[in-house]
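When a residue number appears, it is its place in the shown sequence, counting from 1.
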Amino acid sequence: MTSMTTAGSGAMAAQDPREPLDLLTRDLRCGLNGLSSREASRRLVVYGPNELTRHDGRRWWRELATQLVHPLALLLWLAAALALVSGSTALGIAIVAVVVVNALFAFVQEQQAERAVEALAAYLPQHANVIRDGRHTAVAARDLVPGDVLVVEEGERVCADARLISGAVEVDLSTLTGESLPAYRSTDQAPAAGPVLDARDLLFSGTTCTGGEARTLVVATGMRTELGRIAALSQRVGREESPLETQVKRVAWLIALVAVTVGIAFLPLGTLAAHLSLAAAFSFAIGLLVANVPEGLLPTITLALGMGVRELARGGAVVKRLSAVETLGSTSVICTDKTGTLTMNRMRVTTVWTLPQVIDLEPDGIVTALPVAARLALACWACNNATLDLQDPETATGDPTELALLHAVAALGGPDRGGDRGRDQRRQFHFDPALRRMSTVDVRNGALWLHTKGAPEELLPLCTRVADAAGDRIIEPADRDRVAATVEELAGRGLRVLAVAERRLPGDAVPDRREEAEQELTLLGVVAMFDPPRPEVAGAVARCHTAGIRLMVVTGDHALTAAEIARRVGIGGVAPTVVTGTELDAMSEQQLDRMLADHRELVFARSSPEAKLRIADALRAQGHVVAMTGDGVNDAPALRRADIGIAMGLAGTDVAREAATMVLTDDNFATIVTAVQAGRRVYDNVRKFILYIFAHATPEIVPFLVFALSGGAVPLPLTVLQILAIDLGTETLPALALGREPAEPGLMDRPPRTRGQNVIHGRMLWRAWGLLGLVSAALVMAGFFATLQSGGWHLGAPTGPGTPLHHVWQQATTMSFLGIVACQIGTAFAARTQTASLRAVGVLTNRLLLWGVAFEVAFSAAVVTLPVLQDLFGTALPDWRQLLMLLPFPLVVWGADESWRAWMRHRDARR
């Protein structure tokens with residue numbers, strides 16, 4: 001059976017659905033009257049069900065295991081193992097609990113279902129009408145097989161790739177091509193060269209029939225369809241780690257290396273040179289590991305990003321992955337679609353041109369139309385499938401282009417409802433993408449009239465007369481030149497131009513073929529329409545340029561229209577460079593790389609799914625962090641490949657929304673820029689609380705070094721459980737408050753950071769470990785020794801349980817604990833700015849930080865006063881005179897950092 005399946009798959013893979021129909025039926029081993037039920041059952045075994053399959057996604061247990069083996073978690077596992085081996089069971093259990101809680105927290109925050117392929121599957125209907133055993137029958141869509149004869153009717157969704165046998169239909173291909181206009185497909189269409197999606201006698205799985213009826217021959221099912229190809233492409237594009245995830249993991253390995261190296265180096269020093277016992281050496285190693293590990297780092301980053309996600313959601317951007325918030329801040333290139341993102345997705349007619357009159361419809365209201373313009377309005381109303389009631393515009397239905405024409409008809413004083421149009425219409429020749437025109441035959445004043453609209457270059461050669469103020473006359477070469485010049489001028493402004501013509505048909509017989517009707521036309525004029533850019537987009541583009549962000553327009557729309565919109569909003573300068581899909585396909589990778597390097601901003605028009613993916617890959621290969629927008633099924637692979645895939649929430653498909661990292665609820669480009677600004681602010685704030693957290697590593701490590709270097713003559717100034725109380729208790733809320741700092745001035749005036757730029761750099765480490773850390777360590781050790789000496793301690797005096805100085809030692813370790821907390825307060829205010837003074841941002845402007853400081857003071861008071869917590873953490877309340885020593889600690893720490901920042905500002909100003 002495996003060989004049969006393989007053979008069937010291979011046969012279909014080699015099948016060309018555009019070959020002559022007799023050859024196609026021969027290759028498929030079928031006829032045009034359908035299969036028998038028995039043959040269909042056999043083929044179902046060979047080809048498999050007509051479904052979109054998916055590879056196994058990321059398992060939840062793998063995700064959880066990833067959190068448990070993070071480098072920081074591995075360090076804590078080692079510390080827990082050392083604690084258990086040394087007999088400190090309670091400590092080992094506490095450390096394991098910290099690891100598990102951290103992992104569960106990160107796992108819950110990061111969980112997201114990957115349902116892109118399931119969303120693609122939603123584009124397939126549940127049932128299909130086929131001809132089997134010589135009669136019409138309904139079968140489950142999953143049971144369709146190549147060789148089936150499928151009947152497609154108006155309103156149905158196509159459930160397989162199929163070749164038309166008879167009939168004609170209009171289909172909405174927007175899910176695959178991004179084109180908003182319905183495409184006409186019939187058996188009498190001339191063959192089209194180029195991509196298979198352009199074939200004029202093929203229908204594709206996942207598209208919708210908007211009109212007509214046809215019999216088709218199924219040529220591909222399941223993953224062999226064009227929709228399946230996109231699904232497979234989406235699955236092959238995996239999610240990569242964000243810059244922040246990569247850098248945090250790199251820093252974690254650095255911390256792990258430092259902690260293990262220091263522990264290994266000082267173990268023999270403590271046992272041999274300092275003559276520590278094995279138990280003391282183990283205690284030292286455990287303390288060193290725990291002190292080196294910033295236990296609160298991962299949950300603090302996760303919570304800060306989570307708050308950023310909620311803030312963005314309130315602004316219209318729903319972020320599905322926490323790390324994407326930070327990635328937004330490092331975005332250096334935004335590849336944006338045009339329709340609905342840069343524009344309002346509201347097509348409107350701006351200009352109506354006739355020989356006797358040019359009407360500007362930009363101002364709202366009714367205009368006075370001369371007879372020729374009135375005839376043009378009537379033709380636009382008749383040759384139209386949309387419906388519009390100006391009294392109830394919410395009920396409008398139809399293509400945006402045709403709705404725009406109806407609005408223009410109303411402005412010209414013509415009919416604004418389509419109620420009588422169906423009664424008077426006798427025949428419709430649907431829009432044909434090859435002929436690029438549409439016609440209707442209508443009854444008007446008892447006679448048959450043909451009304452036609454289409455591309456000027458296709459319609460003008462069919463016109464033999466032109467409507468003028470004095471009446472219709474023979475069209476002259478000068479008239480044709482004038483029309484051509486007008487069309488060129490309007491198209492050069494990025495407007496979509498349609499020519500409108502009419503003809504009174506001879507006799508009472510309705511023509512059967514459009515070739516008979518669409519001749520000897522009278523040109524009425526041309527209409528130019530425009531989808532205006534959103535008013536806020538130009539400002540957002542300017543903000544991107546100030547922030548050093550490149551913009552690329554990547555759209556399936558026409559080159560002239562895309563270029564004009566780009567010019568109007570400020571992308572690519574006054575004359576944007578346009579690259580069509582055909583030109584891009586002809587480029588080698590080296591040529592594409594050179595073009596992206598030579599041109600800062602480009603407009604890519606008529607872009608295919610593969611083209612979008614190729615552009616994203618090329619930009620990322622050059623080191624850019626790429627944000628890519630999209631709304632259709634065809635955009636899913638590129639959305640997954642980009643660093644930030646941005647889907648449209650209003651106009652986008654479920655597939656695009658599932659494949660994307662961020663969904664815009666308002667489909668607005670300006671929201672992307674706001675999200676980038678928020679991402680930059682979140683990144684700055686992440687660095688602030690990393691500085692804050694790292695600054696406490698030095699005062700936590702120095703006590704253990706003093707203990708080891710003294711050979712145990714100085715008792716441990718701090719216990720491991722007290723370190724955990726600091727890292728997971730007093731430290732967390734102020735760190736989170738730093739994550740909510742408002743944006744510093746000039747945030748969007750600096751270039752984006754590079755992909756490889758580290759979140760932690762040498763200057764930050766010097767400030768954290770050297771300046772803030774050493775000042776804090778000196779203050780903490782001063783408080784510890786002062787408390788010991790006030791209780792009568794001398795070097796080498798025993799302080800263990802049962803000794804007279806044990807209570808004094810507990811008071812001294814409590815002073816170390818409280819000293820670090822006091823220094824944390826000064827560090828928190830110092831970390832609020834990178835170089836500016838605290839006065840520049842305001843001491844009281846971050847109320848969350850004030851609440852965080854209040855919490856850590858209250859928590860510390862509980863740890864040293866409540867008996868149950870005293871027993872757990874080994875604390876004892878110091879004398880009030882000793883507590884007074886803590887009051888200047890925050891000011892000293894903040895003052896030292898403020899002085900250093902003032903010196904840095906002065907140095908930078910002199911350069």
Side-chain angles (χ1 to χ4, degrees), residues 274 276 280 283-284 287-288 290-291 695-727 729-731 772-827 856-893 896:
L276 294 177
S283 296
F284 165 74
L288 202 59
V290 175
H696 309 135
T698 304
E700 289 176 359
I701 292 173
V702 166
F704 288 92
L705 298 182
V706 171
F707 165 72
L709 293 175
S710 69
V714 176
L716 269 175
L718 197 65
T719 68
V720 175
L721 284 175
Q722 288 169 357
I723 292 176
L724 292 177
I726 293 169
D727 290 351
T730 65
E731 186 176 82
L772 294 169
L774 286 177
V775 171
S776 298
L779 294 173
V780 169
M781 294 309 299
F784 172 74
F785 282 119
T787 304
L788 280 180
Q789 289 180 344
S790 67
W793 174 85
H794 59 85
L795 189 65
T799 58
T803 62
L805 293 176
H806 182 65
H807 183 71
V808 174
W809 173 74
Q810 286 184 315
Q811 288 180 316
T813 60
T814 303
M815 278 294 292
S816 298
F817 168 75
L818 293 175
I820 292 177
V821 173
C823 291
Q824 279 181 334
I825 297 173
T827 302
E856 69 175 330
V857 171
F859 179 79
S860 302
V863 168
V864 301
T865 58
L866 297 180
V868 62
L869 295 180
Q870 286 179 332
D871 293 339
L872 176 62
F873 294 102
T875 59
L877 185 63
D879 184 79
W880 67 271
R881 287 182 294 271
Q882 295 158 358
L883 293 176
L884 287 177
M885 292 178 58
L886 301 172
L887 294 180
F889 281 18
L891 292 175
V892 173
V893 172

[X] to [Y] - nearest heavy-atom pair and separation:
{"X": "Q882", "Y": "M815", "result": "O-CE, 3.3 Å"}
{"X": "T730", "Y": "E856", "result": "O-OE1, 3.2 Å"}
{"X": "F859", "Y": "A725", "result": "CE2-O, 3.8 Å"}
{"X": "T799", "Y": "T803", "result": "C-OG1, 3.2 Å"}
{"X": "L772", "Y": "A695", "result": "CB-CB, 3.9 Å"}
{"X": "G874", "Y": "T813", "result": "O-OG1, 3.9 Å"}

Report the distance from atom [atom1] of [X] to atom [atom2] of [Y], rounding to the nearest 0.5 Å.
{"X": "L788", "Y": "L805", "atom1": "CG", "atom2": "CG", "result": "8.0 Å"}
{"X": "L891", "Y": "F889", "atom1": "CG", "atom2": "CZ", "result": "11.5 Å"}
{"X": "S790", "Y": "Q811", "atom1": "OG", "atom2": "CD", "result": "7.5 Å"}
{"X": "L818", "Y": "M885", "atom1": "CG", "atom2": "CE", "result": "11.5 Å"}
{"X": "I825", "Y": "L886", "atom1": "CD1", "atom2": "CG", "result": "9.5 Å"}

Notebook entry, point to check: Do V893 and Q824 have side chains that get closer than 4.5 Å, going by heavy atoms?
Noted result: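 A side-chain contact is absent here, since even the closest heavy-atom pair is not under 4.5 Å.
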
Between [X] (side chain) and [Y] (backbone), is there a donor-acceptor pair under 3.5 Å?
{"X": "T698", "Y": "L774", "value": "no"}
{"X": "T875", "Y": "V863", "value": "yes"}
{"X": "Q722", "Y": "F873", "value": "yes"}
{"X": "S816", "Y": "P717", "value": "yes"}

Please identify which of these residues, V780, T827, L779, I723, meets the side chain to side chain contact (heavy atoms under 4.5 Å, CB included) condition with I820.
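The single option meeting the side chain to side chain contact (heavy atoms under 4.5 Å, CB included) with I820 is V780.
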
Hey, which of V714, L716, L718, V706 is the one that makes side chain to side chain contact (heavy atoms under 4.5 Å, CB included) with F784?
->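 For F784, the side chain to side chain contact (heavy atoms under 4.5 Å, CB included) check succeeds only for V714.
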
